[in-house]
Colleague: 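Dropping a structure here in structure tokens format, bear with me for questions.
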Amino acid sequence: VRHVEQVMGTAVSFDVRTSLGPELAPALREAVRVLHRADAVFSTYRPDSDIERLARGEIEPADCAAEMAEVFALCAELERETGGYFSARYRGRLDPTGVVKGWAVQRASELLSAAGSTAHCVNGGGDVQTVGEPQSGRAWRIGIAHPLEAGALASVVEVRGLAVATSGSAERGAHVINPLTGRPANELASVTVVGPQLIRADAYATAAFAMGRPALDWLASVAGYEALLIAPDGSAWATEGFTGTRD
Amino acid sequence: VTGSAVTVGERGRVFGTLQVRLTLTGTKITSITELQYPQNDPRSSEISQFAIPTLRAETLTAQGASIDSVSGATYTSAAYAQSVQAALDQAKS
């Protein structure tokens with residue numbers, strides 16, 4: 001069963017391969033609800049979101065949705081893990097946008113698992129969480145969009161139960177700021193990270209993009225996560241355990 | 001082969017369906033026809049008209065990779081890629 005939901009300023013697609021019968025519709029509805037709820041709480045484009053009301057001082061942290069504390073705790077953890085290259089502070093205000101999409105998509109995927117799905121793929125605007133395998137004996141084949149050629153793939157990676165996240169200029173134009181210098185990051189065209197959790201793959205890709213070339217050595221030292229880095233001139237580097245196809 | 005219909009939703013309600021038919025020669029896609037696309041309201045209709053020719057061209061270019069999903073892709077491609085892949089899955093089985 002396939003469904004695409006327009007939410008959080010992007011499209012989130014669901015591909016559920018487990019036959020859940022009548023259990024499927026409510027599970028999918030709940031997964032979609034989680035995404036809209038994340039948007040209602042965290043969207044910086046919606047003046048009525050908790051995050052905007054908090055920024056304007058209309059509500060106190062204690063009045064915010066329970067998810068707020070969870071996401072900020074997660075942001076603090078990720079900031080530590082990335083040596084500050086991933087940050088939820090931007091121009092003096094709190095902005096957890098960088099973590100919310102991965103967090104919401106991973107939660108939607110976990111809800112489907114809890115409903116009994118053992119094989120599905122959720123893709124939130126290019127950040128992918130897989131569970132199980134699409135057919136018995138075959139891995140999920142995830143294409144990695146080429147950052148320099150529209151419509152082309154830079155690589156195809158085969159995964160079972162792993163997440164694949166890409167940060168870069170392919171989706172929306174360059175928009176990653178190096179939080180340590182405050183300047184736009186431009187050493188890389190894209191970073192793809194593959195690993196167990198989408199939340200981490202996504203945050204590590206963003207941090208690596210901000211870090212530039214030295215990110216290859218950093219990512220090689222992170223257990224369980226592999227990466228592909230592509231520079232604006234088309235040259236590419238991968239960590240030793242990266243199993244994707246290469247030209 | 002005809003792919004299964006992919007529902008497209010917004011704010012929790014379904015606002016249209018996308019379904020494509022592929023013509024294959026061996027394993028190569030030689031043409032794509034959209035049997036259904038979201039046009040329940042003027043906005044989705046406009047997006048469909050703008051995006052579909054591009055998506056059709058991109059699919060014909062990127063075909064052969066036989067992929068389930070794309071990381072880092074433009075968001076408009078999600079429903080289209082899903083429908084094309086559903087048709088390909090059916091061709092294989």
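Just so we're on the same page: letters track the sequence lines, and every chain starts at 1. All figures in this text were calculated on a predicted structure; none of them were measured in a lab.
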Colleague: Is it the side chain or the backbone of A:Ala40 that comes within 4.5 Å of chain B heavy atoms, both, or neither?
Modeller: neither
Colleague: Atom OG in B:Ser71, atom CD1 in A:Ile142: separation rounded to 0.5 Å?
Modeller: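 Answer rounded to 0.5 Å: 8.0 Å.
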Colleague: Taking the side chain as everything from C-beta on, heavy atoms only, tell me whether A:Arg138 gets closer than 4.5 Å to B:Asp68.
Modeller: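 Yes, close enough: below the 4.5 Å cut-off.
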Colleague: Does atom CZ of B:Arg21 have more than 12 heavy-atom neighbours from other groups under 6.0 Å away?
Modeller: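 Atom CZ in B:Arg21 is not crowded, with 12 or fewer foreign heavy atoms closer than 6.0 Å.
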Colleague: Which residue, A:Thr166, A:Leu153, A:Val156, forms the side chain to side chain contact (heavy atoms under 4.5 Å, CB included) with B:Val70?
Modeller: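 Single side chain to side chain contact (heavy atoms under 4.5 Å, CB included) partner of B:Val70 among A:Thr166, A:Leu153, A:Val156: A:Leu153.
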Colleague: Of all heavy-atom pairs between A:Val128 and B:Ser69, which one has the smallest distance, and what is that distance?
Modeller: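 The pair with the smallest heavy-atom distance is CG2-OG, 4.3 Å.
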Colleague: Can you list everything that forms a side chain to side chain donor-acceptor pair (under 3.5 Å) with A:Trp103? Sequence neighbours excluded, please.
Modeller: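 Expected list: A:Glu70.
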Colleague: Measuring heavy-atom distances to chain B, does A:Ala205 have an atom under 4.5 Å in its side chain, in its backbone, in both, or in neither?
Modeller: neither
Colleague: Using non-hydrogen atoms only, which part of A:Val164 is less than 4.5 Å away from chain B: side chain, backbone, both, or neither?
Modeller: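 Answer is both: backbone and side chain atoms of A:Val164 are under 4.5 Å from chain B.
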